[in-house]
Amino acid sequence: MTEIETLNARIDALETRVAFQDETIEDLNQAIIAQWKQIEALNRLLVQLQDRVEIGEQRADLAGLPEPPPPHY
């Protein structure tokens, strides 16, 4: 193998590695985007649940009624 063939083989190997790395980076980027969307959706749900709990607590405070005894009494 001549020096030029060796260099061409090394360049081909490097180009192949770069192509696979680009594909991997894009796959990871898509995974991060999907996770970010899921995190945002979960954060919105958490805020909604917090609001509902606060409303429930306010209604319970306004009612001022003592809690009924547990069913096993």
Side-chain angles (χ1 to χ4, degrees):
M1 208 181 227
T2 67
E3 187 175 334
I4 292 177
E5 290 173 338
T6 303
L7 289 175
N8 282 336
R10 290 180 65 193
I11 289 172
D12 288 342
L14 288 172
E15 287 176 343
T16 302
R17 288 183 70 186
V18 168
F20 282 117
Q21 287 176 350
D22 285 345
E23 183 180 340
T24 301
I25 289 170
E26 183 59 31
D27 291 344
L28 291 171
N29 188 46
Q30 292 302 318
I32 290 171
I33 290 170
Q35 288 176 345
W36 185 255
K37 288 178 182 178
Q38 186 175 19
I39 288 169
E40 287 295 317
L42 290 171
N43 280 335
R44 285 191 298 273
L45 284 173
L46 180 61
V47 168
Q48 290 174 356
L49 288 172
Q50 287 172 333
D51 291 344
R52 290 175 71 182
V53 167
E54 287 177 9
I55 290 170
E57 288 174 345
Q58 290 171 357
R59 287 181 181 168
D61 288 343
L62 290 177
L65 301 174
E67 289 188 28
H72 65 275
Y73 269 28

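- Remark: Ile4 CD1 is loosely packed, at most 12 non-hydrogen atoms of other residues, nucleotides or ligands lying under 6.0 Å away.
- The side-chain hydrogen bond (donor to acceptor under 3.5 Å, both in side chains) analysis of residues 1-20, with sequence neighbours excluded, yields no pairs.
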Please report, to 0.1 Å, the donor-acceptor pairs under 3.5 Å made by any side chain of residues 48-55, with sequence neighbours excluded.
none

Identify each donor-acceptor pair in which a side-chain atom of residues 20-32 lies under 3.5 Å from a protein atom, sequence neighbours left out, and give them as a table.
from  : atom 1 : to    : atom 2 : distance (Å)
Thr24 : OG1    : Phe20 : O      : 2.9
Glu26 : OE2    : Gln30 : NE2    : 2.7

